[in-house]
Amino acid sequence: MRRHLADNTKLLALTFLANLIVIFGTGTVWYAEGGDITLVGGVVGALLLLGGAMLPLIRGRGQDGVEKPLWPPLMLLVVPVAVLAVALPAWIVTEVRAARPVDLTHEFELEPSGPFEQGMTVTASAHTDRPKPRLFITFAASEYDPATPVCVPSSRLSVTLRSGAKRDGPQSVRPGQELTFDLGQNHKDISLAVRMTAEPNCALDLTVDSARVDD
């Protein structure tokens with residue numbers, strides 16, 4: 001290995017090319033995943049300077065009859081290996097995390113709060129920094145006043161998507177049934193209009209039982 005790295009100019013050139021590919025490839029992926037351009041540029045620039053600094057040392061290593069130091073060409077191998085050792089696992093973890101559903105159950109807010117009565121419309125809204133194209137949401141209802149007639153079994157919810165690329169007509173379900181909405185791509189703010197139909201004098205507590213966005 002020492003002989004090849006010391007004397008083989010072609011091998012050294014290929015090693016330096018691998019350096020460039022790994023550095024620029026990692027920087028591109030990092031930026032595409034949301035990395036700050038200043039930080040990405042600074043790291044890439046520092047690695048390029050380190051790799052470039054090795055070239056004069058490689059060209060001028062030792063004199064005839066003097067053993068040439070091995071560390072300059074080895075640096076061209078260490079840099080891409082070190083970058084891949086850190087970047088590749090981080091990228092894999094990011095991709096696995098991005099493929100999982102995003103739970104928004106506790107992110108939704110209902111406005112106005114309080115008892116939910118016949119004919120009222122409540123806005124359910126949430127924000128996510130990890131947008132996905134589909135929303136799956138289930139609303140739960142319970143009796144606001146246990147002394148009143150039982151209203152939950154006969155009530156229905158009409159839910160309309162107010163945000164996103166596709167604003168289809170309202171979906172009508174009973175409390176506890178799951179709804180699915182197509183949000184489109186990259187919509188971080190979600191807004192739903194929820195209207196209740198129930199018997200007269202019914203008052204319910206409305207909550208978001210479960211909510212998630214997924215592919």
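Values in this document were obtained by computation on a predicted structure and should not be read as measured data.
Note that CG of Leu161 and CG of Leu135 are 7.5 Å apart. Values are rounded to the nearest 0.5 Å. Distance check, rounded to the nearest 0.5 Å: CD of Gln185 to NZ of Lys132 gives 10.0 Å. Taking CZ from Arg100 and CG from Asp215, the interatomic distance works out to 13.5 Å, rounded to the nearest 0.5 Å. Distance CG/Leu104 to CD1/Ile137: 8.5 Å, rounded to 0.5 Å. Remark: Leu192 CG to Arg162 CZ distance equals 9.0 Å, nearest 0.5 Å. Asp103 contributes atom CG, which lies 9.0 Å from atom CZ of Arg212 (distance to the nearest 0.5 angstrom).
Salt bridge present: Asp182 and Arg134 bring a charged side-chain N and a carboxylate O closer than 4.0 Å.
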Could you check Leu157 against Leu206 for side-chain contact (heavy atoms from CB on, under 4.5 Å), going step by step and ending with a plain yes or no? CA-CA 10 Å; Leu157 303 175; Leu206 185 70; 4.0 Å; yes

So Thr160 and Phe181, side-chain contact (heavy atoms from CB on, under 4.5 Å) or not? Walk me through it. CA-CA 9 Å; Thr160 305; Phe181 294 97; over 6 Å; no

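A heavy-atom distance below 4.5 Å is found between the side chains of Leu204 and Cys151. A heavy-atom distance below 4.5 Å is found between the side chains of Ile190 and Ser163. Residues Leu110 and Val208 form a side-chain contact, since some pair of their non-hydrogen atoms from C-beta on lies under 4.5 Å apart. Considering only heavy atoms from C-beta on, Thr105 comes within 4.5 Å of Ser210 through its side chain. Side-chain contact between His187 and Pro131 is absent, with no heavy atoms from C-beta onward closer than 4.5 Å. In this structure the side chain of Phe116 never reaches within 4.5 angstrom of the side chain of Asp205, judged on heavy atoms.
Under the side chain to side chain contact (heavy atoms under 4.5 Å, CB included) criterion, Ala198 pairs with Gln118, Ser155, Met196, Cys202, sequence neighbours left out.
Between Phe108 and Ala211 the shortest heavy-atom distance is CE1-CB, 3.7 Å.
Remark: side-chain polar atoms of Thr207 are not paired, donor with acceptor, to backbone N or O of Asp209 under 3.5 angstrom. No donor-acceptor pair under 3.5 Å is formed between the side chain of Ser125 and the backbone N or O of Ser191.
Around the CD atom of Glu109, the shell of radius 6.0 Å holds no more than 12 heavy atoms that belong to other residues, nucleotides or ligands.
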Run the side-chain donor-acceptor check on residues 169-177: report pairs under 3.5 Å with partners two or more places apart or on a different chain.
from   : atom 1 : to     : atom 2 : distance (Å)
Gln171 : NE2    : Thr180 : O      : 2.9
Ser172 : OG     : Arg156 : NE     : 3.1
Arg174 : NH1    : Pro153 : O      : 2.9
Gln177 : OE1    : Arg174 : N      : 2.9

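Phe136 and Val194 fall into different hydrophobic clusters, defined by Ile, Leu, Val, Met, Phe, Trp and Tyr side-chain heavy atoms under 4.5 Å apart, directly or through other members.
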